Structures are given as structure tokens and as C-alpha cells.
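What follows is a single structure, written as C-alpha cells, with notes after it.
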Amino acid sequence: MFYLPLFHRLQGAACLVVGGGTTALRKLRWLLRAQARVTVVSPQISAEIRDLAAAGEVSLLEQTFSPELLDQRFVLVVSATNNPGVNKTVHDAAVRQGVLVNCVDQPELCTVIFPAIVDRLPILVAISSMGAAPTLARVVRGWIEARLSPNLGNLAVLAQRLRNRVKQTLPSTAARKTFWEQLFIGPIAEQALSGNLDKATEAAAALIEGSPVKTGQVALVGAGPGDPELITLKALRLLQMADVVLYDKLSNEKILDYARRDAECIYVGKQGPKPGMPPDRPDNRSNQQGSINELIVQHARAGKHVVRLKGGDPFIYGRGGEELEAAVAAGLDVLVVPGITAAMGAASYAGIPLTYRNLSLSVRFVTGHRVENTVNMDWPELTKPDQTLVIYMGLVGLRQIMSLLVEHGGAGERPVAIVENATYPEQRVITGTVADIADKVDAAKVQGPSVAIVGDVVNLAQPTISG
Ligand SMILES: C[S@@+](CC[C@H](N)C(=O)[O-])C[C@H]1O[C@@H](n2cnc3c(N)ncnc32)[C@H](O)[C@@H]1O
């Protein structure tokens, strides 16, 4: 390692930027964010830099750089020209004067380098490849950007607001450490990250004073239909914070890899033992909704961060509403994170637009789940044209559903697509019509989770890379 990452206070410090183009402007903006006093020297100066000068934010010297311009008043000089000769002259002058120097894209002429920055002020993450691969550093920045809540800075502001109070009330270092740990990973942090800084401050103040504060938290999190990349950034963050993850067979287990290694992942699938798992495992029984609700409450009451991971969206045929009611009735803090529902995942990955101008003006998500051997729906409504139906849980009753559509005046030639295992690598799309789709599905031996998309939009299907 030949660079040490340090954060340099530039507030009020004199800096020189050599160059008046786009690259100079980029560096200049960072220097201004750090509240440096910047002088730009260049025979040609862009309109944007001139605007900054007109606003009194920078000083201009419209001339070529000469070493006499650089003296020890300057803390840092940045050479942002595309002329290696000028850069070398700037570098040598800076070294003679003991001024820090950065020549853009010439690491051999730098005593300091600009990192790729993830800005969540007052939290700053700086990434460097030591000049070896700046583009890679920027790619890494993208990864980190995606991982950090846009409101992360709120946590630092919260800490700042509380610092003195914590010092006065909690004299021992150990007590302070426990307090901060509890704060940064608990529901109060979640409040701050959701933008409720004042509420979070109030709750944290109560925590300092020793008032009982609920520590457990329940998040009902949509896992999307399968492809693990379809979860939201918020879902990802909550999974990374979770102590306990309750999942069922509709959420892709690959998503569990996002959870902490020491998180307890409990299978709560309702439909019998999970394939490949010994049936006598305590987490491998046929779970009923009531016992899932109990598990959620029990773990959250024990102070754990519980993520109830749900296939698709928690509030679409997911019984998320009941879990929410149970958690709220138990007095727990709950949040619900939406997910991409199967209908949307299936349609996108199969290249079928759910609505289309002049062809399908609305879309209905309906359930084909049979109760007492029949499917109760408003059939005359469902047969109307100009709409798309997406039928969930309709595989078992598919033949009956299609007959009922025809019985109620629907067209037998209306197009239908069955999307099985939508968004998984093994996704299959079987197309047909209301009249023949059931036979086609039987012939294809469709067994995985499937939705039926019914409507003229099916004929618009286009190949996509993901499908
Ligand atoms: C109990 S519902 C859960 C729906 C889920 N909450 C959602 O928003 O997608 C289960 C039904 O969703 C549909 N489904 C879920 N995942 C699917 C997938 N990957 N491909 C196709 N259909 C899926 C199937 O119709 C399945 O029978």
C-alpha cells in the first residue's frame, strides 16, 4: 500500500486547478463541496466555470500555468489538462514547494489521488484502486451505492444530536457502546432511514432515559417472484439486518444468501415437508397461518429483527394482511416492503405487456383458487374484452376456469399464456387459447408455480433476454 486514505479538511484552504475544461470542472466541484477557496488557471475557460466565477465561487486566471503561480499558500494543486508536458511542469513545481498534487489520469504524477466517493453526508465512503483501475473503483462505488440507504446520513445526524446527552446519562464506555449498537441496528434506526429523523430522535431520547423501548421489529418483505435480483434495495438492507428470517417455498432460497451468516432462517412453508429436508426437523412441519403469526410475534418479542420473506408482494394473495394484523395486535413495530408480484414478473420475463394502448385498458389480478370444488368469480365481468386477466393459483382448476369463461360468454379463441416458474432460469411459457390451453398444459406437464395471462396482449409477446 503506498497511499493512505485520509480525509483532508479543505474548508477555507487555497487550492489551484490547472485547466478550464470538463475534467477540471468535475474536480473543481468536489473542491467546492469541501468548501475550498479555488483558483482556476487556464488560457481557455468553459462557460460553466465562468458561471461559477461570476457567482463568486472561484477565482480565474486566464493564462497558461507557470511555476511562479504556485507557492506555499496553496494546499493542493490539481492539474486537469490533457497536456502531459503541462502536467509534468505542475507536478515538479508542486513537489518543489511541498504542495499536494494530483494530475488527472497520470498516477505517476500524483502525491494525492481522488477516490471514487459514495456520498451520504456526513458519511462518506472513499474507494481507491491506488491508481491501478479507476474504472473498477467506480464500479465498486456503484455496488456500495446500491447497498447504502440514501438516508444513511440521517443516522449520523441522529448520533450527533444525541452525543452529549448520551455522554451525560451513560457514564461508562461499555454502556455507551451498547446504546449505540442498539440504536444503529434497531427500529429507531429504521425510522431515521425512512426519513423520520425527529421521531427517531424522540424515541432515542426515551431510550437514553431508560424508558422501555420496543427493540424487536417485524418486516414483511416481498421477495419478488424468483429472480433474486428482483428484490428491492430496502428488502436487501432489512435482510442484512435480520436476526430471524421466516421464509416459505414461494421465495427463492437464493435470496437467503443476502441474510447475515448467523441469521436464523426458518422454513414456514404451509404445504407439507420441504423437499429434501428430513420430515422430523422442527422447522419442517406443515405450518398453518396461525403458527406463522405466532412465530413472528414470538421472535420479535424476544427483541429480534424478524423478516417475514414472502414470495412476490406480501399484500397480493400472500396473507400479508393477516400477518400485519397479528404483529400490530401484538404491539410490535412493523414495516411492509413491497415486492414484484408474480403477474408482473411473469409478464415482463415473458415479454407480454399487461396493458396496451387500444387493446387492453386494464388488468385484473384474480385468484383461481377453488373453494369446495368451484371457483367463485364475477364471470360476466371477466369475459369482457379490452382487459387482461392474470390468474393466480389457477393451475389445478384451469380446465374449469376456462370452461366457465366460455359459459359466461367469453370467446374460446381468446389468447392465454401460462407462465410457469416465472423469472427463474427454468421459466416456461405455454401459449394457447381459452379453448385449448388446459390440454396444452396437461401435455406439457406444468407443475411449478404458474400464472395464466388471458387477453389479446398475449399475442404481442416478444422475445426478451430474460425470458
Ligand atoms: C399464494 S400466491 C402468492 C402470490 C405472491 N404473493 C405474489 O405477489 O406473487 C401463490 C401463487 O402465485 C403465483 N406465483 C408465485 N410465484 C410464481 C412464479 N415464480 N411463477 C409463476 N407464478 C407464480 C402462482 O399462481 C402461485 O400459485
Side-chain angles (χ1 to χ4, degrees), residues 219-232 235 246-256 267-272 274-275 286-289 292-293 296 307-324 336-352 354 363-371 375 377 382 388-402 416-431 437-438 440-441 444-454 458 461 464 466-467:
L220 306 179
V221 173
D227 182 343
E229 283 196 302
L230 289 182
I231 71 165
T232 61
L246 304 173
Y247 68 102
D248 55 49
K249 101 178 192 332
L250 270 182
S251 40
N252 188 342
E253 278 191 40
K254 287 205 172 130
I255 291 176
L256 297 177
Y267 180 70
V268 293
K270 290 193 199 116
Q271 284 146 7
K274 194 167 161 20
S286 187
N287 293 282
Q288 294 307 310
Q289 190 60 51
I292 297 175
N293 296 354
I296 293 174
V307 163
R308 168 67 173 115
L309 196 60
K310 305 193 63 79
D313 180 87
F315 282 176
I316 294 192
Y317 301 126
R319 302 189 72 174
E322 289 158 61
E323 292 171 4
L324 175 64
V336 183
V337 180
I340 292 177
T341 189
M344 291 159 69
S348 298
Y349 279 46
I352 300 172
L354 287 177
V363 55
R364 285 173 190 250
F365 297 168
V366 298
T367 169
H369 185 62
R370 295 199 300 177
V371 180
V375 188
M377 281 196 276
L382 299 189
T388 306
L389 306 180
V390 185
I391 307 171
Y392 287 68
M393 296 171 278
L395 207 51
V396 175
L398 188 67
R399 194 171 290 280
Q400 189 182 21
I401 293 167
M402 294 298 132
V416 182
I418 300 292
V419 187
E420 182 196 27
N421 291 315
T423 80
Y424 282 88
E426 54 274 23
Q427 169 176 303
R428 281 200 296 171
V429 183
I430 290 112
T431 51
I437 193 71
K440 287 187 167 180
V441 161
K445 297 193 174 21
V446 176
Q447 278 165 354
S450 305
V451 286
I453 303 178
V454 183
V458 168
T464 68
S466 49

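These numbers were taken from a predicted model, which means no experiment stands behind them. Counting convention: from 1, in listed order, for ligands and their atoms alike. Counting from 1, the numbers follow the sequence of the chain as shown.
Contact between Ala346 and ligand 1 is absent, with no heavy atom of the residue lying under 4.0 Å from the ligand. The closest approach between Gly226 and ligand 1 stays at or above 4.0 Å for every heavy atom of the residue. Contact between Val451 and ligand 1 is present, with at least one heavy atom of the residue lying under 4.0 Å from the ligand.
Considering backbone and side-chain atoms alike, Tyr392 places every N or O at 3.5 Å or more from each N or O of ligand 1. Residue Glu420 places no N or O, backbone or side chain, under 3.5 Å from any N or O of ligand 1. The shortest N/O to N/O separation between Ile340 and ligand 1 does not fall below 3.5 Å.
Each of the atoms 21 (C) of ligand 1 lies under 4.0 Å from some heavy atom of Val419. The ligand atoms of ligand 1 that sit less than 4.0 angstrom from a heavy atom of Thr341 are 7 (C), 8 (O), 9 (O).
Side-chain atoms of Gln289 and Glu323 form a donor-acceptor pair, as typed in the model, at a separation below 3.5 Å.
Taking each of Ser450, Ala342, Gly318 in turn, the one with a heavy atom nearest to atom 24 (C) of ligand 1 proves to be Ser450.
At a heavy-atom distance under 4.0 Å, only side-chain atoms of Leu250, from C-beta outward, approach ligand 1. Within the 4.0 Å heavy-atom criterion, both parts of Ala422, backbone and side chain, lie near ligand 1.
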